[in-house]
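Have a look at the structure below before the remarks.
These figures come from a predicted structure and were not determined experimentally. Order of the sequence lines sets the chain letters (A, B, ...), proteins ahead of strands, with each chain counted from 1.
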Amino acid sequence: MNEARDELKGYKGRARAALAEREVRVWSEVRLTNDAGSVFEGVILPRSETLDDLHVVIKMRNGYNIGVHVERIAAIEELGYKEAVYKIPEKEFPVRPHLPRVTLLGTGGTIASRLDYRTGAVIPAFTPGELYGAVPELADLCNLTTKKLFGVFSENMARDNYIALAQAIGEEIAAGADGIVVGHGTDTMGHTAAILSFMVQDPPVPIVLVGSQRSSDRPSSDAALNLIHAVRTAAYGDIAEVMIAMFGPTSDRYGLLHRGTRCRKMHSSYRSTFRTIGDIPLATVSRDSFTYLAASYRRRDPSRQVRIDPVYDDRTTILYYYPGMRPDLVEALVEKGYRGIVIAGTGLGHVNKPLYPALRRAIEAGVHVVMTVQTLWGYAQMYVYDTGRDLLELGIIPLDNMLPETALMKLSWVLAHTGDRAEVARMMRTPVAGEITDREPHNGYLIMQGGLPEIEEWIKSHWK
Amino acid sequence: MAAGERRGEGASRSRKVRRSTRVPESARQPDEIRPRRTSRLGFSGSGAGPKGAGVSQSIDYAEVGFICGLEVHQQLLTDIKMFCRCPARRYTTTHDGEVLRHMRPTLSELGEYDGTALMEFKTKKNIIYLLHEDNVCTYEMDDTPPFLVNQQAVDVAIEQCLMLGCDIVDEVHIARKQYLDGSIPTGFQRTAIVGVNGRLPFRGRWLSITQVSVEEDSCREVSDRGHLIVWRTDRLGMPLIETVTGPDLRTPDEVAEAILLVGRVCRSTGHVRVGIGASRQDVNVSVRGGRRVEIKGVPKASWAPALVHGEAVRQVNLLRLRGELHRRGVRRAAELNIDSAEITDLVAGSALDVLRREAWERWATAENRRPGFELGNGPFAVRAVRLRSLAGTLSWPTQPELTFAAELAGRVRVIAGLDQRPILLHSEKWPDYDGSLAELRRIRRRLHCEADDAVVVVWGPEEDTVTAAAEIRLRFADALDGVPNETRQPFPDGSTDFERILPGPDRMYPDTDSPPTRVTRERVARLRAALPPPPWEREARYAAAGVPAPVAHYLIRRGGAALVDRLAGACGAGLRAACFFVGERLKGLRRAGVAVDEVPRERWCELFTLAAAHPALLQALDRLVRAIAATPHCPVAETVEALGLTAPSADWETSVAAATAGNPPPGRRAAMARAMERLRGRVPAAAVAAALDRLAAGGGR
């Protein structure tokens, strides 16, 4: 049956039969009586396909849902039928000629969303009108255009999406956008920010990735404020780079602007999950101001010519090294035709000795192997220990303080340009967008440890 | 269905304390929250009200079509919270972290914004949550999704449903019920219906139980000042059940009785929490032609009759006000002629502090009202609202001793965030100060008022005064329709004040973070098998044994009934004796500071088993209980022996004879006392008395 028209959406087996037999369907308004004489009046809801086939779900008049076991249904009487329309009130986004033009490119994620009954999941909703209905503050900031490129969760982003996204950004810049916002799921936002930093070079205007950690269907969502911060940054910010704009603290206070190549999601659910690693963030952004923190950044300059370089070879991987890793893993990658391997090594950039022969064979076979550190903070410094020197001798390319995910994105981009060993090494080691920095400032590594008196004192006196 | 926990605890303070705005937190009990600052406003019903307009204070409940039902909230006794692993009911009065948040309205699954949600958004509240690592984790902060629902809580909830005679839901679905007042950091409460269609015997008929849901408790309010509300998160996430009764209650007294009945049923399992704030109720009231109004968080059954009466009177009076407005030709909101103008300059020289900028700024400084937090946007402004042809409505009686102006003040305080007393001034009870009447005349002139126009004046940050004027208009629009659906907060004097618009079902949507829980018939059967008898069955049994009702109720409420039944069953005690022992003796000793609650129940069983064979022990009960409490882990037989209360030697009558010795010989009473000193707990007093009698008769045995 065509799923879009399935009148018993999500129901299977016995529950489906029970509904069909009684000639009621999803969205029927019913009076259901069970074997104990209890009466439930309400709407039959779709059922998540991952649930069992024993229960019928009713949304009762008081708003609650319950599941009734099919064996306990004594009678169902259909009182009416009304298909639910779940829609954000759509109002036309006002045009104000004096305000900057911002384009919001949608990739999916939860910047605006609605519920899907089939899976019980939150799925994205997205037009300027919908956004205006949900976040009317945006109209005070800019003239907004939205383009939905894809509707994927961020874990499903991949090569073709990256290429399409970079091209779309190029088109919007060419069309004169004053800034670009990319709505994106948070899980792989760091990856996308990194690859865009390589594919979109010398942008004249800000390119801001934004998402939310609490879905926008909740009153407490961070989506609206993040979106306001991102749009504000795109419209008025002075930094013409690929950035991530997400909550600074978990409180509703300000957002941080992170450089796309140096940013990482560091908590599975906290609002303040994104952190600049090995440096300080570029700036803070609030509802009404920016505070620039970084010593240098690429400034907004509408006359600058952007270079869109949208290429990507996805025959690459990250090998997250662990003690006792077996060499056949490397061999398998070579055998499967992988062209690039990013090692997230221990400490300063190490792997165990039994891996050496496999790595040597891989490199001899033309695979490009680069080294980053799984500590995330700090440099791969392979001259310090014999292990490191041995690995350099094998031909492994050390990437200093490039983050492993950024290295994967860059290697994928570089390998789409060249297979020449020396050229790959040169390109990988030459920073394009701050992915390698010469210096690590002492405040670039700050993981405060709870429990210490001075930290507790600080936490008490600041909103988290 | 709204949970009544939001403000209940604060309201338990006496009126006098509630007025005090600066109770230091340290001076309060750990279970309390900061008392509500707001109290009833003193707009008196005397004076300008229309004569003979049908002012009502006493009413015939049946005649006005009084309808009332309850939502009783009861915390469950679980080890941990409902959706995370934090300990339950570990309350704190300090904090070690704070979070600042705001709430935005969102959409329900059927696609409409909820009216309450929009109202709460208008109030633009800054919300601060106080955190303490002892009782909250990142779940309560809304920075971690829920863990799977606590099945212990579901079990207790099912058990409660069975006690209430409910049909248990086959598959429990967790829903999100939106609350934008900030009482829950997610902006919604996770709640699920567990049982429906129950009933309890009540006054010779049935009190129907519409539904029972299990849900997470909310935060405790610390303060609510202007645009800043502060919540403590310790209580957040504790499991509770909400029992919703049908609209079956016919008089205010029945309401109090029903609250106590539901409480007894819940507590009879011993699996719910007791103590301050462990149970709170919302009372839903309406009269014919009126609408459901929820009095939220009534902390005690004894408060209910006055509150319910007051609400019934209020609704009757609001319906009469509607009649009066219609009589004046105002039937639709569009026909209301209400406008406002800023009059800051006009009253800049007022003798009344609240109308002058510098006095207001002094107040704001003294109260630590900070721009961007407690204070709304804009400079200080005074705004006068002209109510065309509405003279007399402001002094229209509503609740006993209150007038319609208090209805306006409630909305202004909550929605515009203007909470400096007296919140508003109005032309029908203008305060008396130097030049007051001249000032009112000037204001009326500025607004081009005619004789039958009324005036309301509000003051504060400019934006808020505009909101206030709009809200006053909206409240009058509601008055054209009679009684608006509201939740109202209760005060000890029986009055209530506006809390918010009553939310509808549009604020419910499924919790996509939590899978449904299937409740198998086997699980229900297992829980049913372990249920205690229903309280009314016990009440009847105890009454038949001659136990007074208050003692029986106490035993059922406080969980002593299970012990009583055990003592009277397996241990051979008389039912009446067991009731008095647990319900009176232990209670008295507990109050006297004896640690009777530390004693394992086994000990009391041992005591009564021994006493069954050796009844004299019961005469030394006080001493014995104290000794048992002092060594709770020692078998009672050993305690009895240590106290020398073992059965006496055969020649105990020698002791009685010794007690009569002396020159001159002691009187009978003194001899008895002397003998009992040695024999109490070992020989029944009657036997000692008989021995004395025999001695007096010159006998021996």
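- Between N62(A) and Q211(B) there is a side-chain heavy-atom pair separated by less than 4.5 Å.
- Of the atoms belonging to T138(B), it is side-chain heavy atoms, and not backbone ones, that fall under 4.5 Å from chain A.
- Taking chain B as the reference chain and counting heavy-atom pairs below 4.5 Å, the highest number among H69(A), R72(A), H462(A), H267(A) is found for R72(A).
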**Item:** Residues K464(A), D143(B); criterion salt bridge (Lys or Arg N to Asp or Glu O under 4.0 Å); working and verdict
**Value:** CA-CA 11 Å; K464(A) 289 169 76 66; D143(B) 266 320; over 6 Å; no
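- Formation of a donor-acceptor pair under 3.5 Å by the R218(A) side chain with backbone atoms of F188(B) is not found in this model.
- Of the atoms belonging to S213(B), it is side-chain heavy atoms, and not backbone ones, that fall under 4.5 Å from chain A.
- For the pair R271(A)/V99(B), no side-chain contact is recorded, criterion being any heavy-atom separation below 4.5 Å from C-beta on.
- D222(A) does not touch chain B: none of its heavy atoms, backbone or side chain, sits under 4.5 Å away.
- Here the CE-OG distance, from M141(B) to S220(A), works out to 12.0 Å after rounding to the nearest 0.5 Å.
- Expressed to the nearest 0.5 Å, how far OG of S221(A) lies from CE of M103(B) amounts to 11.0 Å.
- For I128(B), the part sitting under 4.5 Å from any heavy atom of chain A is the side chain, from C-beta outward, and nothing else.
- A salt bridge is absent between D252(A) and R104(B); no separation between the charged side-chain nitrogens and carboxylate oxygens falls under 4.0 Å.
- The local environment of NZ in K12(A) is crowded, with over 12 non-hydrogen atoms from other residues, nucleotides or ligands closer than 6.0 Å.
- Remark: R521(B) does not engage E71(A) in a salt bridge, criterion side-chain N to carboxylate O under 4.0 Å.
- Between chain A and the residues T144(B), D167(B), D96(B), V172(B), the most heavy-atom pairs under 4.5 angstrom are made by D167(B).
- Using a 4.5 Å cut-off between heavy atoms, I127(B) does not touch chain A at all.
- Interatomic distance, Y139(B) OH to S269(A) OG, rounded to the nearest 0.5 Å: 12.0 Å.
- Open room surrounds CD on E457(A); 12 or fewer heavy atoms of other groups in view lie less than 6.0 Å from it.
- Between atom CG of residue N65(A) and atom CD1 of residue I193(B) there is a gap of 9.0 Å, rounded to the nearest 0.5 Å.
- At a 4.5 Å heavy-atom cutoff, the contact between L54(A) and chain B is made by side-chain atoms alone.
- The one candidate from D52(A), V68(A), V56(A) that meets the side-chain contact (heavy atoms from CB on, under 4.5 Å) condition with E171(B) is D52(A).
- Formation of a donor-acceptor pair under 3.5 Å by the R214(A) side chain with backbone atoms of D142(B) is found in this model.
- Ranking T191(B), V196(B), L131(B), V519(B) against chain A, the residue ahead of the rest is T191(B), based on heavy-atom pairs under 4.5 Å.
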